[in-house]
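Report on the structure given below.
Values below: every heavy atom of this structure, side chains too, minus hydrogens, waters and symmetry copies.
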Amino acid sequence: ATSDPAYAAERLAVWEECGAYFGTEQVYPGFWFYWNPDLKPVKPQRRDAVLAGFGGVLRAHADSPEETCAMLRQGYTQSHWNPDQGTFVLYARGACLCPPTGWGYSGTAGICHDSRICFGEPLADHEHGRVDTNIEDYGSTPAVGYLLGRQTFLKRWDRTKTLPGNFDWSRQVMMLRSARPDGANYIVVRDSTQGECPLPSWWYQWLVAKAENVRPVAGGVRADCLDGVKLDVVFADPADAQVSVKGTRVQGFQEDYSQLCVNQPAGRGYTTVFYPSRGAEAGVGKVEALADGVVRVTTPESVDYVFCAVGKPVVFRNDEVEIAAQAGAVRVFPDKVLLVNASGIAGRVGYKGAVAEGVGPFEESLTPGGKAKTVRTGRELARVEEPKGGGALYTFDGRTPVAPDAAATADGLTGWVRVEGERQTFVAAAGNGVLRCGDFYVKGEAPFTCVREPGKITLRAEGRRRIFQMPIPENIVPAKLLPPKDSLPEDFKQNWSVGGWINWPWAVDVKVDGTSVQGGWYDGLMAVGLDDGRHEAVITPYTNPPVWPENAWTRRLP
């Protein structure tokens, strides 16, 4: 109420929307809510958002009871409730269609707790506590919302002992918005892997629907959900998907739940369309896979060419569309065509000779049959300068090759790295990827500057909200600060209620603009989120206030 009254007023309004819960008969302060009585509630303006540590939210018509809302859980805030990374959630037309989880479910065999993918085994868990699982790219335009989340799987964590190396699982979520709350508002989800992934996979999705109310349609299923709402779940990949359905009752809930499952061999991904409707309204129409990462979706309102890729851009062309971009859509309506680059990376999107190009996200509207032209559009990135000083300078411009044995490398970013003894300066001018020098790297979206020196890292960024990932240097948190995990007693390691709560290594101190914030750290990695605007994060060793006799209880382990 004193440091950010506008935010406090919105939180108060949300609390009232949730029933103004005042607590229980239990005498416990954590069950109560305290506020400044002079504070007046203000209804928040809900919109697409990236929430550092949690994931992202996409919305259509948030001011309507018919709102469509999709969520992707992909963030560094984890604890014992950890295997839900990558979980997809969907609300639409006044009903919960795809809930996040079935924790507390009845125990029906073969059901995964969450709406995500398992690799290697049908019900394989994901790893505990990881922080290298975040929203790496996103975009919001009037007609399209976009999220890219990615999670890393490491060979040293592989229980199946089948991984030759590390790989990434990426989940891209694209919301196509109609001009009407009751129109063709729908979602496209693409799942893919990067790196060596010799494991088969199982794709899972919870529905709030009885199993007998989920019936086959071409390429997928149609579910009769709550309150007369229907949901088409149709696959462009795999073609002719064989969808299994299992029903269950979740403890404490009146509704019956069911779970969809589709299986793919190693190296194959999934492209799925979620299309809600109500009553006698038409379903999704036609879903066609045109190329790797490109799907054409025909709805009662438009023909949409939806594309998404990770790393290298989608490059596709036919007699109508021209695409050289990471993610977005060409939306063909009867009276207009929308050219959308939904990614934060530069791209080129065209329709019958009319082209829009620039750093996304952007959306350009044109009249069908208009004159061919190229429009330069999109965001202007904040400018950064080549780092000055001595030592060795490495330049990454995407054109001049850098020697393979160079001390510094880049992947997906243009910019510079200057190495001056124990001081390293990383400057990214454009792109999204990694700048690396020795055993340290910075992963994120440009522009940014990062200075690493003994016992301190200073990260500066200007522009839109982003999340950065780095390894924790030994001189900030020594690995020996805690006993090696493998040295702990077996009963301690295996008891998740005790051992599962311990981070290796323990903690770093992150101050953003001088204020301590909660970052993510685990197993030698850390993640830091910076908000819109210009900000500076300073990362140093963590020291508790003097009132605490020791830095952390885990350091008292024998």
Ion pair check, [X] and [Y], cut-off under 4.0 Å:
| X | Y | value |
| --- | --- | --- |
| Asp531 | Arg465 | yes |
| Glu445 | Arg379 | yes |
| Arg180 | Glu301 | yes |
| Asp182 | Arg278 | no |
| Asp224 | Lys210 | no |
| Glu281 | Lys230 | no |

Check your understanding: Would you say Trp206's side chain and Cys112's backbone share a donor-acceptor pair under 3.5 angstrom?
Key -> yes
Exercise. Is a side-chain N or O of Arg436 found less than 3.5 angstrom from the main chain of Asp411, in a donor-acceptor match?
Worked result: no
**Asked** Are the aromatic rings of Tyr351 and Tyr305 close, with centres under 6.0 Å apart?
**Response** no
*Are Phe307 and Phe316 near enough that their ring centres are under 6.0 Å apart?*
no
For a 4.5 angstrom cut-off between non-hydrogen side-chain atoms, does [X] reach [Y]?
| X | Y | value |
| --- | --- | --- |
| Thr68 | Leu90 | yes |
| Thr152 | Gln469 | no |
| Cys98 | Ser115 | no |

The side-chain hydrogen bond (donor to acceptor under 3.5 Å, both in side chains) partner of Gln85 among Thr133, Asp114, Asn134 is Thr133
So the ring-ring contact (aromatic ring centres under 6.0 Å, His included) pairs with at least one residue in residues 179-202 (sequence neighbours excluded) are Tyr186-Tyr275
- prompt: Stepwise, does the side chain to side chain donor-acceptor pair (under 3.5 Å) test hold for Glu363 with Thr141?
  reply: CA-CA 6 Å; Glu363 176 176 314; Thr141 75; 2.6 Å; yes
Identify all side-chain donor-acceptor contacts of residues 285-295 below 3.5 Å with residues at least two apart in sequence or on another chain.
from, atom 1, to, atom 2, distance (Å)
Glu288, OE1, Arg296, NH2, 3.2
Glu288, OE2, Arg296, NE, 3.0
Asp292, OD1, Arg190, NH2, 2.7

Thr248 vs Gln259, test: side chain to side chain donor-acceptor pair (under 3.5 Å). Steps then yes/no. CA-CA 8 Å; Thr248 191; Gln259 189 173 71; over 6 Å; no
Between Gly398 and Thr414, the two heavy atoms sitting closest are N-CG2, 4.3 Å
Tightest non-hydrogen contact, residues Ala325 and Arg348, listed as CB-N, 3.9 Å
To the nearest 0.5 Å, atom CG of Asp304 lies from atom OG1 of Thr299 at 5.5 Å
Across all chains, not counting sequence neighbours, the side chain to side chain contact (heavy atoms under 4.5 Å, CB included) partners of Ala266 are none
Is it the case that the side chains of Gln172 and Tyr146 hold a donor-acceptor pair, with the cut-off being a distance below 3.5 Å and no angle test?
yes
From the list Phe167, Trp203, Tyr204, ring pair (Phe, Tyr, Trp, His ring centres under 6.0 Å) with Phe119 holds only for Phe167
